Amino acid sequence: MKIDYRNILSAKKLKCTIPRQLVLEVLFKSGLPMSTEGIFLKLKNKIDEATVYRILDSFESVGLVRQVNLRRGASYFELNNDHHHHMVCTKCGVIEDFKENIEIEKILERIVEKSSNFKIINEHSLELFGVCSRCHI
């Protein structure tokens with residue numbers, strides 16, 4: 001299936017440039033969060049690092065990508081096309097997505113109900129850190 005990057009950018013009111021299409025393509029192909037440096041390394045013969053930073057900033061400002069904290073000392077970005085969370089192995093760094101489930105949503109609702117300062121949560125991010133089955137020996 002061919003992805004129409006032009007329509008994706010147009011829907012977000014962004015000018016459709018070759019560098020933007022290239023960054024989108026890298027993120028779509030990856031399917032997992034990528035660091036700015038990782039994206040640049042995939043495209044280093046095509047666009048410069050500063051351009052990658054600017055593109056990701058513009059993508060984030062319109063909600064096309066979201067930043068994910070993987071505790072690796074770098075900014076990681078992923079497409080903001082479905083709501084999910086991550087499990088990260090603290091030994092080898094493997095990342096696994098998991099979809100939110102009804103139990104997590106119920107817990108979040110109870111947290112808000114018990115809060116004295118909050119009435120609604122607009123968005124959330126959940127990253128779990130542990131050891132994958134391959135490293136757990």
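Just so it is clear, the model here is predicted, and its values are computed rather than measured.
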*State whether Arg66 and Glu78 are salt-bridged, where the test is any N-O pair (Lys NZ or Arg NE/NH1/NH2 against Asp/Glu carboxylate O) under 4.0 Å.*
yes
*Less than 4.5 Å apart, any side-chain heavy atom of Arg71 and any of Val88?*
no
*Could you check if a side-chain atom of Phe118 sits within less than 4.5 angstrom of a side-chain atom of Ile111, using non-hydrogen atoms only?*
no
*asked:* I need the minimum non-hydrogen distance between Cys132 and Cys92, along with the two atoms involved.
replied: SG-SG, 3.8 Å
*asked:* Could you tell me if the side chain of Leu108 sits less than 4.5 Å from the side chain of Ile104, heavy atoms only?
replied: yes
*Shared hydrophobic cluster, Ile39 / Leu41 (ILVMFWY, side-chain heavy atoms < 4.5 Å)*: yes
_Taking every non-hydrogen atom, the tightest pair across His84 and Asp82_ = ND1-OD1, 2.9 Å
*Nearest 0.5 Å please: distance from the NZ atom of Lys29 over to the CD1 atom of Ile3.*
9.0 Å
_Closest contact, heavy atoms only, Asp48 versus Thr51_ = OD1-N, 2.8 Å
*Walk me through it: do Lys13 and Val62 pass the test side-chain contact (heavy atoms from CB on, under 4.5 Å)?*
CA-CA 8 Å; Lys13 309 270 191 268; Val62 298; over 6 Å; no
*Could you state the interatomic distance from NE2 (His83) to CG (Leu126), rounded to the nearest 0.5 Å?*
8.5 Å
*Does the Thr90 side chain pair with the main chain of Val131, one donor and one acceptor, at a distance under 3.5 Å?*
no
*asked:* Using a 6.0 Å cut-off, check whether atom CD of Glu49 has over 12 heavy atoms from anything other than its own residue.
replied: yes
_Option passing side-chain contact (heavy atoms from CB on, under 4.5 Å) with Gln21 (candidates Val23, Thr17, Ile18)_ = Ile18
_Non-hydrogen atoms of Leu56 and Val65 that approach each other most closely_ = O-CG2, 3.9 Å
_Nearest non-hydrogen partners of Asn80 and Gly63, listed with the distance_ = ND2-O, 3.1 Å
*Got a donor-acceptor contact below 3.5 angstrom from the Arg72 side chain to the Gly93 backbone?*
yes
*Measuring from Ile47:CD1 to Leu22:CG, what's the distance to the nearest 0.5 Å?*
6.0 Å
*Mind checking whether Lys42 and Ser30 have side chains closer than 4.5 Å, heavy atoms only?*
no
*Could you give the distance from OG (Ser35) to CG (Leu70), rounded to the nearest 0.5 Å?*
9.5 Å
*pair Val68-Glu127: side-chain heavy atoms closer than 4.5 Å*: yes
*Under the 3.5 angstrom rule, does the side chain of Ser61 hit a backbone N or O of Ser58 as a donor-acceptor pair?*
yes
_Quick one, His85 and His124 - any side-chain contact, counting heavy atoms below 4.5 Å?_
yes
*asked:* Rounded to the nearest 0.5 Å, what separates atom CD1 in Ile95 from atom CG in Leu32?
replied: 5.5 Å
*Close aromatic pair by centroid cut-off 6.0 Å: Phe77 and Phe59*: no
*asked:* For the residue pair Ser125 / Glu123, report whether a side-chain donor-acceptor contact shorter than 3.5 Å exists.
replied: no
*Which heavy-atom pair separates Ile55 from Arg20 by the least distance, and what is that distance?*
CD1-N, 3.8 Å
*asked:* Counting C-beta onward and ignoring hydrogens, is there a side-chain heavy-atom pair between Tyr76 and Gln67 closer than 4.5 Å?
replied: no
*Would you check, one step at a time, whether the test side-chain contact (heavy atoms from CB on, under 4.5 Å) holds for Phe40 with Tyr53?*
CA-CA 9 Å; Phe40 167 68; Tyr53 277 94; over 6 Å; no
*Mind checking the CG-CG spacing from Leu9 to Leu24? Nearest 0.5 Å is all I need.*
5.0 Å
*asked:* Any heavy-atom pair between the side chains of His86 and Leu128 that's under 4.5 Å?
replied: no
